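The basis for the numbers below is simple: all heavy atoms, side chains too, and nothing from hydrogens, waters or symmetry mates. What you see is a predicted model, and the numbers here were worked out from it, not measured in a lab. Nothing fancy with the numbering, it's 1 onward along the sequence.
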Amino acid sequence: NNGGAIVVSSGGVVSNLSMEETASSSLARIYVSSGGVANTVELGNRGLLYVLGGGFASDVSVSNNGRLYVMGEEYTPEGGEMAEALYGSAKNVTVYSGGSALIIGGEVTGLMVSSGGYASAAGVADVSSVDVYGKLYGGEIQYGGTLTIGSGGVELWEDTVLGGTVTVNGFANIYGELVFDLSERSGEDTYIVDNIANLNLTEIGSYTISVSDNQVNGTYKLAGNAASFSDTVTVEGTALSVNGAGAIIGDKQYTLAVS
């Protein structure tokens, strides 16, 4: 579909769609509401996919000014008295250069952001009685890719691999393994995470460093605003603490310091 709007409501399923704006068409949009499903969607030039509360999308690729929204909301079930969170969900989302994926109180499983791609995660701000956090279940921000953590609350589950740049404006609770991937970085690169003070490592969360077999010697910047950082970071199975003893692994020595 080039230029139209598709609405997928309860019981509806659409598959194998390519959405983009052309010279002779208007904005191309898909809205997936509660109970609706969209499978295998390509979002190109100004193509938009909105996965609303209760909707689901899988195998979504975004590039060239395309944009994916995965949203949540507060709702009260019919006959119920207590408000609940209703999450839009997406699985297997790939964001290429020029594309964007925005999680606003929704859930994404398997997010990959390549060089030049952008993703953000935030909670829903205008809720009264229930938290509607943005949730990421496993993701990879490759070198050159960007992730922004906004306000309203974010939860990171499973393995989240950070090789690109992460801007933390809100707060995030870490329930899985957060991996600082240095394999394509150099000592001249800026921080991977700009504000680690706003990341909350839960009892089941952990920090890990991933390096390549031929990692260049140097000082690598993991995170900014780390003056009060007291957690350990594991490299090759060895836990490092700030200004603690180093670890010799192979022919390299690793230490963790705050500068």
Could you pull out all donor-acceptor pairs under 3.5 Å where a side-chain atom in residues 138-157 meets a protein atom, sequence neighbours excluded?
residue, atom, partner, partner atom, Å
Tyr143, OH, Asp189, OD1, 2.9
Tyr143, OH, Asp189, OD2, 3.3
Thr148, OG1, Tyr118, OH, 3.2
Glu155, OE1, Trp157, NE1, 3.0

Solution key, residues 221-250 side-chain donor-acceptor pairs under 3.5 Å, sequence neighbours excluded:
residue, atom, partner, partner atom, Å
Lys221, NZ, Gly187, O, 3.1
Asn225, ND2, Asn195, OD1, 2.6

Could you list the donor-acceptor pairs under 3.5 angstrom formed between side-chain atoms of residues 89-114 and any protein atom two or more places apart in sequence or on another chain?
residue, atom, partner, partner atom, Å
Ser89, OG, Glu107, OE1, 3.2
Asn92, ND2, Asp59, OD1, 3.3
Ser114, OG, Val95, O, 3.1

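Applying the 6.0 Å contact sphere to CD of Glu188 captures no more than 12 heavy atoms from other residues, nucleotides or ligands.
Across Thr165 and Tyr191, no two heavy atoms sit closer than the pair CG2-O, 4.3 Å. Of all heavy-atom pairs between Val132 and Glu74, the closest is CG2-N, 4.2 Å.
To the nearest 0.5 angstrom, Ile209 atom CD1 is 10.0 Å from Gln215 atom CD. Separating the OG atom in Ser210 from the CZ atom in Arg185 is a distance of 12.5 Å, to the nearest 0.5 Å. Atoms CE and CG, from Met71 and Leu52 in turn, are 6.5 Å apart once rounded to the nearest 0.5 Å. The CG atom of Leu48 lies 7.5 Å from the CZ atom of Arg29; values are rounded to the nearest 0.5 Å. The distance from atom CG of Leu178 to atom OG1 of Thr160, rounded to the nearest 0.5 Å, is 6.0 Å. Rounded to the nearest 0.5 Å, atoms OH (Tyr69) and OH (Tyr31) are 9.5 Å apart.
Listed for the Ser183 side chain is no donor-acceptor partner under 3.5 Å among the backbone atoms of Ser212. Here the side chain of Lys135 pairs no donor or acceptor atom with the backbone of Tyr87 at under 3.5 angstrom. Within the 3.5 Å criterion, the main-chain N or O of Val168 finds a donor-acceptor partner in the side chain of Asp194. Checked by atom type and distance alone, the side chain of Arg67 never pairs as donor or acceptor with a backbone atom of Leu43 at under 3.5 Å.
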Tell me, with the steps shown, if Thr208 and Glu177 meet side chain to side chain donor-acceptor pair (under 3.5 Å). CA-CA 7 Å; Thr208 301; Glu177 186 176 39; 2.6 Å; yes
Please lay out, stage by stage, how Asn173 and Asn200 fare under the test side chain to side chain donor-acceptor pair (under 3.5 Å). CA-CA 5 Å; Asn173 296 323; Asn200 173 43; 3.0 Å; yes
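Val211 places none of its side-chain heavy atoms less than 4.5 Å from the side chain of Tyr220.
Listed by chain and number, the hydrophobic cluster partners of Leu86 are Tyr75, where partners are ILVMFWY side chains within reach of under 4.5 Å, directly or through others. Taking Ile, Leu, Val, Met, Phe, Trp and Tyr as members and joining any whose side-chain heavy atoms lie under 4.5 Å apart, directly or through other members, the hydrophobic cluster of Tyr133 also contains Phe171.
Two different hydrophobic clusters hold Val179 and Val166 under the rule that ILVMFWY side chains link at heavy-atom gaps under 4.5 Å. Taken together through direct or relayed side-chain contacts under 4.5 Å among Ile, Leu, Val, Met, Phe, Trp and Tyr, Leu17 and Leu68 form part of one hydrophobic cluster. One hydrophobic cluster holds both Ile192 and Leu256 under the rule that ILVMFWY side chains link at heavy-atom gaps under 4.5 Å.
Under the rule for a side chain to side chain contact (heavy atoms under 4.5 Å, CB included), the partners of Asn39 that lie at least two apart in sequence or sit in another chain are Val13, Ser15, Val37, Phe56, Ser58.
Checked against Leu162 for a side-chain contact (heavy atoms from CB on, under 4.5 Å), the options Asp181, Leu182, Val193 give a single hit: Val193.
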